[in-house]
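Residue numbers begin at 1 in each chain, while the letters A, B, ... track the order of the sequences. Quantities reported herein were computed from a predicted structural model and do not represent experimental measurements.
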Amino acid sequence: MENRLWVLDLASDTLEGRPAVAIWLKAEDGSTWLLKKRYTPSFYLVGDLEKAAKIVEAEGIRAERCTKKIRGSPVEALKLYVDLEDLDEYASKLLKRLEGVEAYEEDLRLTAKFLLETGLKPCSWASVEHSGFEEESGIRVITGGEIKALEHAPPPRLRVMAIDFVVFAEKGSPNPGRDPIRLISLCFDDGSEFQLEGEEREILKSLVSVVGEKDPDVIVGFGTNSTYWSYLSERAKKLGVKPVLGRLGAEPRTSIHGHVSIRGRLNIDLEDMAREIPELTVETLEEFVGYLGIEAKLDTVEEYELAERWRSDRDAVKRYSMQRAKAILKSFEAVRDFVFNLSELTSMPADFVLAASAGFRVENYLMTLAVKVGELIPKRAEITHVSYPGGLVKAPKRGLHESVAVLDFRSMYPSLMIKYNISFDTLSENGENVAPNGYRFKAEPEGFLPHALKTLLKERRKIQEKLKQVPEDSVEARVLDARQRAVKIIANAIYGYTGWVGARWYTREVAEATTAWGREVISSTIKKAEDLGMTVIYSDTDSVFLKNYEGRLEKLVEWIEKDLGLEAKLEKVFKRIIFTEAKKRYAGITTDGKLEIVGLEAVRGDWSAVAREAQRETVKTLLETGDPGKALAKAREYVRKLKRGEVELKKLIIWRQITRPLSEYSATQPHITVAKTLIKEGWKIQPGDKVGYIITKGSGPLYARVKPYFQASADEVDWSYYIEKQVVPACGRVLGAVGIKPDKISETGESTLMEFFG
DNA sequence: TTTAGGCATTCAGAATGAGTCTT
DNA sequence: AAGACTCATTCTGAATGCCT
């Protein structure tokens, strides 16, 4: 029999005490399949192989001689098939008995090795050949059989469940040893909803039965990996309930590094995704939903007020929790194609790929390619990183400019890597391509990284071609667009990957040569632009900001194409743009009237909302009217409001991230003292958390007069701090560029509350 | 289980220096 | 007259979050 099935997830397993893989699959008709298949992993030995061959022969290990590559150079290798799940231990014992021999790929996990070797991809279609299945709890279990990858196609219909938990403590963070789960909201893609409340044991039992009955393929939540699954497990243990949420009676299991596995289902935590979106300053569900542009009503109940609201207005909490579940479901629908495509591209299971960082995604993709071209996969080396020069940034010309064109190189680093064949396997003392910093790369044969980049580029073009052929807004179009975004993300991260010490293929020379060529390209472009009669008012890494560009820009673009062999694109034109003396900070309005603020306080999450808003309004007025006086008036408005104390407390909160365990800080800082206060009050604060505080009146350093934002009241706010250290500097930066001194801003003809009341 | 380097900015705390008082 | 002390200013390093 043969079935066309979609690979949902996979795990390592055993059959008759020997290693096997368990592959969970979905059919178009919605049926769930499990393929259990024996799998013998393998690894390679390189070096003096004679003795090694004898030893393994004596041990009855299957071995084959083969030719592989290490950094592009051919090597003789011995491939050993060993029927153990953990090859690491076997390999290290073997190596102790040998000299001049190195092992490769013994450190890869069983499922990863299986995927790499068979070319099978998660979240893709496969054909499964088998002699029949046994039905077990509604799952069609095949033991043995063959599985082969098929052409790419949209996924089958999957059953999706969104989940939201309500847990809280009277004071501080909830503690699973003490505080029960109060409520669970569930929401399915078939429209059904469940809200489980009451006695905690019943809540958990209902959860298990609903999950069992509805049998979702995907469980999606927000904060589930980091918090809720382990919380649930601990509560369940305490109450003597088995949290059977996985298929075939499995409980959630913490797999490596913070990710939780739920057997037979995809456990997706959107918080993992939110964390890597740089546009989000606070990674809440609210922000995430807003970023995705999803219409979802959320009547937010904040964590610190949960306990109180649960008593006084329980319906509000219940409503919010269900709104969250619905928003989570909607968000997943919006990102699922992207997630599945990223999973397929990198060969990492979907729930895993979201939890993985950019470096590991790139690496996994490169590993799939390495197997194809016979390049052995090296291990991570423990080395100290030496940093190297990066992109070139030209100091801007200060002040207000009219009509400025921005020219961007398209994928500069990837293009340079392709153009000069920059790669770890082409790096050579006698290479023909000589980087400005002296590193040399062979022009031929094509290097591994350029090959990877070209493959991705080709793939992207293919997708874009296909995109033109399918109707806009169709399922195919959506899936294809998600796929081309996934491809782009991987391609753009390859340069950075080569300069990452944690990388298996870390090669500083590659990263260094790439940026060196990049600097050469941008400086010659600046020079050419000037020769053509344009004024370069600013430039950063791969972009130039040009004045007097009419009739000259085309010539520059042509020169870039012909002489540099690269592509550049007119990105946008600013009607007006303002630069302070600082690099990486400016604001402008484009020809289509869009206000763009870059790097300035207005777009920084560590400034109070009042300062951000004041600066945004000030710069907007300045750019729209071109009149510094009007802009100054705008800034003064905000100062006046603060002097009167007429600004909402919410707008005074300053958020900062905790980046490490508190004990590792050497400097005393406001957000650290606030974090310490909160911990004393029972809150759990971990690296990655953001702490919000407000500056209150008093004497001494700032850190001695900050309060957690939800504990500060209007009468204790240090309004003058917000004037002098927030609004005036932020607006002053902008106004300073047009010659207005910052002290003009606070001259509003009004005295402060402080002056009135002492 | 942190893709890279470049950059501005704030705050704490040390270093520096001027001015004043004490012995 | 030398040293002790205070207060303000300047400098440096830690820390964060942005840009490409």
Side-chain angles (χ1 to χ4, degrees), chain A residues 109 255-259 272 275-276 278-281 348 352-353 355-366 380 385-396 406 408-409 411-413 489-508 510-512 514-516 518-519 522 538-544 571 580-586 596-607 611 654-660 664-673 687-688 690-691 695 700-704 706 721 724-726 729-730 732-733:
Chain A
R109 288 202 332 279
S255 79
I256 38 174
H257 320 301
H259 174 252
D272 288 334
R275 251 197 272 271
E276 63 171 331
E279 283 88 344
L280 300 188
T281 45
M348 299 167 99
F352 207 77
V353 77
S357 60
F360 288 93
R361 291 176 190 165
V362 171
E363 186 152 275
N364 240 81
Y365 172 73
L366 293 180
R380 304 174 201 296
H385 180 59
V386 182
S387 89
Y388 57 88
L392 190 76
V393 191
K394 187 184 185 305
V406 182
D408 270 11
F409 278 87
S411 324
M412 184 195 248
Y413 288 163
I489 282 188
I490 298 294
N492 286 342
I494 286 185
Y495 147 72
Y497 170 83
T498 64
W500 170 42
V501 261
R504 289 175 185 269
W505 281 290
Y506 168 74
T507 321
R508 215 190 75 230
V510 166
E512 223 179 318
T514 307
T515 57
R519 289 192 299 277
I522 203 71
Y538 178 59
S539 163
D540 185 354
T541 311
D542 62 354
S543 64
V544 279
E571 199 53 40
T580 68
E581 59 287 339
K583 296 169 174 177
K584 298 188 188 276
R585 288 170 176 229
Y586 56 87
E596 282 191 28
I597 303 181
V598 179
L600 291 167
E601 285 75 4
V603 298
R604 293 182 61 93
D606 55 349
W607 282 74
I654 296 166
W655 292 92
R656 265 195 174 78
Q657 200 186 158
I658 303 291
T659 60
R660 61 192 81 169
E664 284 177 24
Y665 281 93
S666 60
T668 328
Q669 294 180 87
H671 70 298
I672 304 303
T673 48
K690 268 156 190 150
V691 174
I695 308 292
L702 277 186
Y703 64 76
V706 286
Y721 172 84
E724 285 154 27
K725 300 288 182 176
Q726 291 275 321
R733 208 97 57 207

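Among dA14(C), dT1(B), dT16(C), the nucleotide with an atom closest to any side-chain atom of Ser357(A) is dT1(B). Across dA15(C), dT10(B), dG17(C), the shortest atom-to-atom separation from the side chain of Trp607(A) is found for dT10(B). The side chain of Trp500(A) has dA4(B) as its nearest neighbour among dA4(B), dA12(B), dA15(C). Distance from the side chain of Gln657(A) is smallest to dG17(C) among dT9(B), dA15(C), dG17(C). Out of dA14(C), dT2(B), dA12(B), the shortest distance to the side chain of Thr668(A) is found at dA12(B). Comparing dA15(C), dG5(B), dT16(C) by their closest approach to the side chain of Thr659(A) singles out dT16(C). The side chain of Ala356(A) lies closest to dT1(B), out of dG6(B), dT1(B), dA4(B). Of all nucleotides listed (dC11(B), dT3(B), dC18(C)), dC18(C) comes nearest to the side chain of Val603(A). Considering only side-chain atoms of Ser666(A), the nucleotide from dA14(C), dT16(C), dT2(B) that sits closest is dA14(C). With dC11(B), dT10(B), dT1(B) as the choices, the nucleotide that has an atom nearest any side-chain atom of Phe360(A) turns out to be dT1(B).
For Arg604(A) and dC19(C), the shortest distance from a side-chain N or O to OP1 or OP2 is not below 4.0 Å. At dT3(B), none of the side-chain N or O atoms of Tyr365(A) fall inside 4.0 Å of OP1 or OP2 (strictly under the cut-off). Between Arg508(A) and dA4(B) there is no side-chain polar atom (N or O) within less than 4.0 angstrom of OP1 or OP2. Put simply, Arg380(A) has no side-chain N or O that comes within less than 4.0 Å of OP1 or OP2 on dT2(B). At the phosphate of dG5(B), OP1 or OP2 sits under 4.0 Å from a side-chain N or O atom of His385(A). The side chain of Tyr703(A) contributes an N or O atom lying less than 4.0 Å from OP1 or OP2 of dG13(B). At dC7(B), none of the side-chain N or O atoms of Tyr586(A) fall inside 4.0 Å of OP1 or OP2 (strictly under the cut-off).
At a cut-off of 3.5 angstrom, the base of dC7(B) holds no donor-acceptor pair with the side chain of Lys583(A).
Taking a cutoff of 4.0 Å between a charged side-chain nitrogen and a carboxylate oxygen, Lys583(A) and Asp540(A) do not qualify as a salt bridge.
A cation-pi arrangement, defined by a distance under 6.0 Å to the six-membered ring centre and an angle within 45 degrees of its axis, is absent between Arg656(A) and Tyr665(A).
Under the 3.5 Å distance criterion, the side-chain polar atoms of Arg361(A) are left unmatched by any main-chain donor or acceptor of Ile490(A).
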